[in-house]
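Residue numbers start from 1 in every chain, and the chains themselves are labelled A, B, ... in the order their sequence lines are given, proteins ahead of strands.
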Amino acid sequence: MVLTDALTPIVAAGYALTVGDLDGLARLPREFFDRPATEVAPDLLGCILWHASAAGLVAARLVEVEAYRGAIDPASHSFRGRTARNAVMFGPPGHAYVYFSYGMHYCVNLVCEPAGRAEAVLIRAGAVVAGAGLAGRRRYGLPDTTGSPDGVSTTDGSSQAAPPRNGARSRDLDLARGPGRLCQALGIDRSLDGADVCAPAGPLGISPPGAMDPPVATAAVTIATGPRVGISRAADRPWRYWLAGDGHVSVYRPSKPRDARPKPVSGRAAEDGTMHE
DNA sequence: TGCTCGATTACCT
DNA sequence: GGTAATCGAGCAA
């Protein structure tokens with residue numbers, strides 16, 4: 001399924017933006033998130049997620065998200081009720097739910113709907129539009145040999161991430177392609193679990209399209225939808241949204257059983273219509 | 001208390 | 001294309 005011309009201008013939609021006390025950046029207001037995750041998710045595409053830390057600012061334009069719908073969604077972490085890990089999801093909208101995955105990666109969600117509904121949008125991929133030098137160092141672990149300061153770098157996405165360890169995959173496209181990579185590039189970990197992205201003074205924020213990057217030709221943008229990545233339950237629900245044709249979108253992988261369980265012969269495998277690489 | 005699995009990624013063949 | 005790495009949440013006993 002492909003929706004054309006679907007990037008909703010945030011302001012035109014009637015949302016009054018909040019401006020940060022310290023950074024002066026416009027932020028999406030809490031009402032923006034006070035809706036079903038399946039409505040919030042496509043509207044987040046093109047928006048700028050950023051994290052200002054002592055090391056500097058890194059910001060990414062969102063190109064891929066997934067909606068998780070709480071009690072009505074078996075794939076959601078909150079489906080089985082509230083636990084210590086997912087408590088933030090049951091709180092008010094506009095907060096970050098950060099969890100640790102596969103023993104080595106963090107993933108970040110933005111909580112939607114009023115408290116108690118436990119819906120959220122998983123941020124899967126983005127294009128780094130500020131702080132690419134810092135993001136590259138976080139991702140590839142090299143000292144800063146570029147001489148560029150931390151903080152805001154060029155905004156055209158062409159800048160100077162430090163090259164990766166083996167030098168072969170030195171593509172800026174990979175900086176924040178995938179939920180774990182995005183969190184690493186932005187320096188997001190469990191210490192930001194519960195962070196209020198709508199609070200004017202918070203270190204984590206989300207701004208409308210064009211807040212930091214050159215305005216993208218939103219009128220021509222195509223939003224595609226398809227099944228979510230890597231889940232085994234409710235895998236047929238098309239609640240993944242991405243900017244069609246954008247190279248920063250992650251690779252689609254269906255859920256892979258861990259053990260050598262025989263695969264169902266009646267393979268209903270990849271009728272998803274999503275991007276593969 | 002112990003075991004299994006996962007909203008992933010990087011590396012190797 | 002396949003798999004090791006790695007650890008916490010959740011479930012069963």
Side-chain angles (χ1 to χ4, degrees), chain A residues 37-38 40-41 44 49 62-90 96-112 118-126 135-136 138-142 161-171 173-186 188-193 225-242 248-263 267 269-270 272 274 276-277:
Chain A
T38 46
V40 174
L44 281 173
L49 178 67
L62 304 185
V63 301
E64 183 186 3
V65 298
E66 287 178 356
Y68 287 86
R69 302 214 56 196
I72 63 171
D73 181 5
S76 173
H77 284 182
S78 54
F79 180 70
R80 289 186 180 81
R82 181 182 181 131
T83 66
R85 177 174 72 150
N86 66 22
V88 171
M89 286 184 81
F90 288 81
Y97 163 50
V98 183
Y99 69 91
F100 191 50
S101 179
Y102 287 91
M104 61 196 81
H105 303 294
Y106 294 99
C107 299
V108 62
N109 296 248
L110 299 175
V111 176
C112 302
E119 298 198 12
V121 175
L122 169 70
I123 308 301
R124 282 200 58 88
R138 281 174 173 155
R139 286 274 289 118
Y140 305 122
L142 290 181
R165 231 164 285 147
N166 64 11
R169 304 182 190 180
S170 58
R171 298 195 350 212
L173 287 178
D174 281 341
L175 269 180
R177 181 161 66 172
R181 291 164 170 172
L182 182 137
C183 283
Q184 188 179 14
L186 268 67
I188 294 173
D189 59 23
R190 280 284 282 179
S191 69
L192 287 169
D193 185 47
T225 70
R228 295 169 292 182
V229 175
I231 58 172
S232 54
R233 293 174 291 232
D236 57 327
R237 301 183 191 181
W239 290 345
R240 174 177 173 242
Y241 306 82
W242 69 96
H248 300 87
V249 173
S250 68
V251 179
Y252 176 73
R253 293 187 194 86
S255 172
K256 185 176 66 173
R258 160 182 274 244
D259 54 355
R261 211 173 299 154
K263 295 175 182 175
D272 53 84
T274 58
H276 300 256
E277 282 189 36

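- In terms of phosphate contacts, A:R181 brings a side-chain nitrogen or oxygen within less than 4.0 Å of OP1 or OP2 of B:dA10.
- Not counting sequence neighbours, the partners of A:A37 by the side-chain contact (heavy atoms from CB on, under 4.5 Å) test are A:A67, A:C112, A:E119, A:V121.
- Taking 4.0 angstrom as the limit, A:R139 places a side-chain polar atom (N or O) nearer than this to OP1 or OP2 of B:dA10.
- In terms of the salt bridge (charged side-chain N to carboxylate O under 4.0 Å, His left out) criterion, residue partners of A:E64 (sequence neighbours excluded) are, by chain and number, A:R124, A:R240.
- Both geometric conditions, a ring-centre gap below 5.5 Å and a plane tilt below 30°, are fulfilled for A:Y102 over the base of B:dG6.
- Panel note: side chain A:S78, backbone A:M89; no donor-acceptor pair is recorded below 3.5 Å.
- Distance OH (A:Y252) to P (B:dT8): 11 Å, rounded to an integer number of Å.
- Taking the six-membered ring where the residue is Trp, A:Y106 and A:F100 present tilted rings, their angle falling between 30° and 60°.
- Residues forming a side chain to side chain donor-acceptor pair (under 3.5 Å) with A:S232 (at least two apart in sequence, or on another chain): none.
- Not a single ring pair (Phe, Tyr, Trp, His ring centres under 6.0 Å) links A:F79 to another residue, sequence neighbours left out.
- Neither OP1 nor OP2 of B:dT9 sits under 4.0 Å from any side-chain N or O of A:R177.
- Shown here are the side-chain contact (heavy atoms from CB on, under 4.5 Å) partners of A:T83, two or more places apart in sequence or in another chain: A:R85, A:N86.
- Both A:G103 and A:G180 sit near DNA chain B, but only A:G103 has its closest nucleotide nearer the 5' end.
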Every protein N/O within reach of nucleotides 11-13 of chain C N/O, cut-off under 3.5 Å:
from, atom 1, to, atom 2, distance (Å)
C:dC11, OP1, A:R80, NE, 2.8

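- When distances are taken from the side chain of A:F100 to each of C:dG8, B:dT8, B:dG6, the shortest belongs to C:dG8.
- Going from atom CZ of A:R253 over to atom C1' of C:dG2 covers 12 Å, rounded to whole Å.
- In this structure, of B:dT8, B:dA7, C:dC7, it is B:dT8 that holds the atom nearest to the side chain of A:H105.
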Would you write out the dot-bracket form of DNA chain B, 5' to 3', with Watson-Crick and G-U pairs under 3.5 Å, [ ] for crossing pairs, | for pairs to other strands and . for unpaired bases?
||||||.|||||.
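- Remark: side-chain polar atoms of A:R228 are not paired, donor with acceptor, to backbone N or O of A:E66 under 3.5 angstrom.
- Look at CZ on A:R228: it is 12 Å from P on B:dT8, rounded to the nearest Å.
- Spacing between B:dC5 and C:dT3 at atom C1', rounded to whole Å, works out to 16 Å.
- Take A:R190 and apply the salt bridge (charged side-chain N to carboxylate O under 4.0 Å, His left out) test, not counting sequence neighbours, and it matches A:D193.
- For the pair A:M104 and A:R190, nearest-nucleotide mapping onto DNA chain C gives the more 5' position to A:M104.
- For the pair A:H77 and C:dA9, the criterion of a side-chain N or O lying under 4.0 Å from OP1 or OP2 is not met.
- With hydrogens and angles ignored, no donor-acceptor pair closer than 3.5 Å exists between the side chain of A:Y99 and the base of C:dA9.
- The CD atom of A:E66 sits 6 Å away from the C1' atom of B:dA7 (whole-angstrom rounding).
- Close to C:dG10, at under 4.0 Å from its OP1 or OP2, lies a side-chain N or O of A:T83.
- We find that OH of A:Y106 is positioned 15 Å from P of B:dT9, with the value rounded to whole Å.
- By the ring pair (Phe, Tyr, Trp, His ring centres under 6.0 Å) test, A:F90 is found to be paired with no residue, residues two or more places apart in sequence or in another chain being considered.
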